[in-house]
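Chain A is the first sequence line, chain B the second, and so forth, proteins listed ahead of strands; every chain is numbered from 1. None of these values were measured; they are calculated from a predicted model.
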2 protein chains.
Amino acid sequence: MATIYEVSKLAGVSLATVSRVINNTATVREATRERVEKAMRELGYQPNTMAQSLASNRSNSVGVVVSELNGPFYGTLLSEIEKAFRAVGKHVVFAASHSDQAIEQQSIEFLKSRRVDALILHVESVSDEYLAKLNQTDCPVIILNRDVPALEKQCITLNNRLGGYLAAHYLLQLGHRDIAYIAGPQWKSDARDRYLGHCDALREAGIEPNPELFYEGDFQETGGTQGFLALQQKAIAFSAVVCGNDEMAAGVIAEAHDQDIDIPEKLSIIGFDNVNFSHYVYPKLTTIDYPIASMGQMAAHWILQHVYQQKTPPLQQLFEPKLVIRDSTTHYDDNCAKNSP
Amino acid sequence: MATIYEVSKLAGVSLATVSRVINNTATVREATRERVEKAMRELGYQPNTMAQSLASNRSNSVGVVVSELNGPFYGTLLSEIEKAFRAVGKHVVFAASHSDQAIEQQSIEFLKSRRVDALILHVESVSDEYLAKLNQTDCPVIILNRDVPALEKQCITLNNRLGGYLAAHYLLQLGHRDIAYIAGPQWKSDARDRYLGHCDALREAGIEPNPELFYEGDFQETGGTQGFLALQQKAIAFSAVVCGNDEMAAGVIAEAHDQDIDIPEKLSIIGFDNVNFSHYVYPKLTTIDYPIASMGQMAAHWILQHVYQQKTPPLQQLFEPKLVIRDSTTHYDDNCAKNSP
DNA sequence: GCTATAAATGAAAGCGCTTTCATTCAATCA
DNA sequence: TGATTGAATGAAAGCGCTTTCATTTATAGC
C-alpha cells in the first residue's frame, strides 16, 4: 500500500503539502494540487486511517450502544445512523448491551477504547451522573429516548404521553368506552408516559381510568398474551385493548385468533411503535408511529454539527408520534357484544 | 488520558516492558508484572487503539458488508457477528450496500480504508475475480451465501437446493400435486437453487414441473402478491404455493386474506428463511429455516482462527436447512376445491 | 527596482505504541 | 570463582500521518 511519502516523492512536494491536499486544510496552489492528486491516483493511494487518527487525535468514528442489534426498532435506527455517517466518510461501531446494566457499561467502555469521536446511546441502566461525566471527560454523548437533565441539549426523545393519548382518543372517537390497557414495565419512563397519555384521553372524555382494565406487561409478545388472558379473567367487559407496544399487541392478536375472537368486530386492538411486523399481522395493526428513523438521523446530525462542524438540517429534539390507522380497529356500538369470558 | 510513558515512569520500567505486559508477548518476571499492572490501575490506563494499530499494523477490527443493516435476516447475522467478536475484544464495522453493485464496491473500499483485519461479505454483485484479488492483496475475506471457487475454503453457504426440496416434498406428503412456485430473481444463485430443489422433489414424485405454475418474483412482499395474482389469472388450479422466501409468502397471505381465501383449508403456503415475522403472520407460516445465526457465528469463528489464531469450535462451511411446520399448510384431498379463479 | 506583505511550501517534531537488537541479570556447571 | 547460557529488560527506531514554525515564492505598491 502506498504511503504519503511515496505520493510526495512522485508529486515532488513535501509531506505537509500532500496532507494539505488530502485534508483541504490550507491554501494550495491549483497546479500543485493537481500534481498531488495525479500522484495519488497513479499510486492508488488510500490514507491509513490509523495514522490519521493517531496524528490528529480524532478517529473519525462514532460508537453506538443499543440493547440489541436486531429487531425492527433497533435495526431501523442502526441503518439510519450508518447511512448518515457513511455519507461523510465516518465509520460507525455498534455494541449491544442486551438490556443489562453491567454489559451496558462494558459496551460504553469498549467503544471508548476505540477512541470514538462521539457516542450515541440508547441505554437505560447507567446513571445520569455517569452519562454527564462521560460527556465531560471522554467524548460528546447523545442520548436517545431518555431525558438526562444535565445533558438536556443532547437528548432526543419522543412525546410518549401524546402517543398514549392518541391511541385512546382514537378509540373513544370510534365509540369505545371500556378500553383495556396492557402496559410496558412501569420502571421504564416511556412505558409510564404512554399510560399517562392514555389516562389523559380517558379523563378528557369524562371517564375515570379503571385499574381493573390495566395490566403491566413486559414489552414482549408473551406479556401481551398473558395480559389479555388476565384481563379476561377479571370478568370485566372491554371492547378494545391498547398495548404499550406492537409486540404485546401481536401477542393479544395471536391469543384472540386462538380463541376465535373476531378482530376488529369483537375487539379492537391498537399497538405502539409501528415496527415493521405490525404490517404483517392479520388484521394489519392500527398503531402509533414511533419515528425512530428520523430520531436516528437527528442524533447523527447533532454529532455532525457539533463534533465535525458540518452543516446539517435544523436540529430537533422532541419528536411527535402519529396514529397509523390500519385494520385492527373498528367502530363500537352497543349492538355488538363486548369482549368478556 | 494516561499514556504508556506515564505507566512506565510510575512502575519504574521501560516502555517495552509495559507493552509486554499489556500484550503478553514475552516472559516478564512476576514481580515486574505486578508493578506494571498496579501502575495501570492507579492511572486508569487504557491503551490507545489507534497507536496500537499503527505500530502493529493490525486494527483489531473486522468489516462486514450486507445489503441492509435492518430486517430480520441481516439483523440476526449482525447480532451474532458482533457478539462473537465482542467476546474477544475486537470491534466490528458494518456497511450497507443496498443491493447495488456500485455501493457494494464502495462499501468494501470504505472498510478497507479502515484497515480492517478481515472482511465478512454477504455480497452479490462484485465479481469472483474482485473477491479473490481482494483476499490476496488486502485482507482475508470470508463469503457468506455464495460459492467463489477461488476462495472455496472461505465460503459459508446454505444448501438452498435441499431447502427447496424439503418444502415441495412436505407438500407432496400432504397430498398436494398441483403446487405453484413463486421464485426469487433467477440471476441470484440462491433463488435458482431453491427452485431446482423444488423440481427435484416434484420429479421424485413422478411429476414434471409445469412452467405455468412458476412465477419469477423479486424476493419482496409485492412480488408475492403479484405472483399470486398472475398465477390465478392463468386459470390453472393449484392447491398450494411455495414461495422462494418468507417475504413473498407474506404477500401471498395478505392477498389471500383480501380475497377471503381460507388458509390453509383452501390453499397451503410455504415460505423460506424463517425470518422472525413468519411467526407473526396469520396463520403462522410453515417455512424453511435458514440458520443465519449459526452461519454468522461460523464466519466469525473462521476469522478468529485464521486471522487471530484463536481456538474456536470446529469450522463448518455448508449448512443444512430445516422444515418448520406451523399453521399455513394442511392435508389436501380431492374433496376440497383447489384454488383457481 | 526595491520593499513589504501575503501566499505557498518545506523541515522537523511528535502522536502512542510495538518490535528488534543490545545489554544486563540470574542461574548453572566445571 | 569464572565462564556460559538463558531469562529479563532497556534503548532506540519506526509505524504513517498531522501540525507548527521557518523559509521561500509571488504579488502589490511606491
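Residue Val18(B) is out of contact with every strand shown, counting any heavy-atom pair closer than 4.0 Å.
Lys38(A) and Glu42(A) are joined by a salt bridge, as a carboxylate oxygen and a charged side-chain nitrogen come within less than 4.0 angstrom of each other. Remark: Lys9(A) does not engage Glu6(A) in a salt bridge, criterion side-chain N to carboxylate O under 4.0 Å. Ion pairing of Glu124(A) with Arg146(A) is absent here, as no side-chain N (NZ or NE/NH1/NH2) approaches a carboxylate O to less than 4.0 Å.
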N/O donor to acceptor pairs below 3.5 angstrom from side-chain atoms of residues 131-143 of chain B, sequence neighbours left out:
{"unit_1": "Asn135(B)", "atom_1": "OD1", "unit_2": "Val141(B)", "atom_2": "N", "d": "3.0"}
{"unit_1": "Asn135(B)", "atom_1": "OD1", "unit_2": "Gln154(B)", "atom_2": "NE2", "d": "2.8"}
{"unit_1": "Thr137(B)", "atom_1": "OG1", "unit_2": "Lys133(B)", "atom_2": "O", "d": "3.1"}

Can you give me every donor-acceptor pair (side chain of residues 292-304 of chain B, partner residue at least two apart or in another chain, under 3.5 Å) with its distance?
{"unit_1": "Gln297(B)", "atom_1": "NE2", "unit_2": "Glu80(B)", "atom_2": "OE1", "d": "2.8"}
{"unit_1": "Trp302(B)", "atom_1": "NE1", "unit_2": "Lys153(B)", "atom_2": "O", "d": "3.4"}
{"unit_1": "Trp302(B)", "atom_1": "NE1", "unit_2": "His306(B)", "atom_2": "ND1", "d": "3.4"}

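Side-chain atoms of Tyr308(A) and Asn60(A) form no donor-acceptor pair, as typed in the model, at a separation below 3.5 Å. For Ser99(B) and Ser67(B), the side-chain atoms include at least one donor-acceptor pair closer than 3.5 Å. Under 3.5 Å, the side chains of Tyr290(A) and Asn145(A) contain a donor-acceptor pair of N or O atoms.
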| request: Quick one, give me the B/S/- string for nucleotides 22-28 of chain D, reading 5' to 3', where B means a protein heavy atom under 4.0 Å from the base and S means that only happens at the primed atoms, P, OP1 or OP2. | output: ----S--

| note | Whether each nucleotide of nucleotides 12-17 of chain C has a protein heavy atom under 4.0 Å at its base (B), only at its sugar-phosphate (S) or at neither (-) is summarised, 5' to 3', as --BBBB

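The side chain of Ser14(A) contributes no N or O atom lying less than 4.0 Å from OP1 or OP2 of dT9(C).
Put simply, the side chain of His91(B) does not reach to within 4.5 Å of the side chain of Arg86(B), judged on heavy atoms.
Residue Asn24(A) contributes atom CG, which lies 15 Å from atom C1' of dT18(D) at whole-angstrom precision. Per the geometry, CZ belonging to Arg20(B) stands 8 Å off P belonging to dG10(D), to the nearest Å. Atom CG in Asn60(A) sits about 10 Å away from atom P in dT18(D), given to the nearest Å.
With sequence neighbours excluded, the residues satisfying side-chain contact (heavy atoms from CB on, under 4.5 Å) with Arg115(B) are Met1(A), Gln46(A), Asn48(A).
Between the side chain of Arg35(A) and the backbone N or O of Ala11(A) there is at least one donor-acceptor pair closer than 3.5 Å.
Overall, the helix from dG1(C)-dC30(D) to dA30(C)-dT1(D) carries an axis bend of 40° between its ends, with five pairs at each end and the value rounded to 10°.
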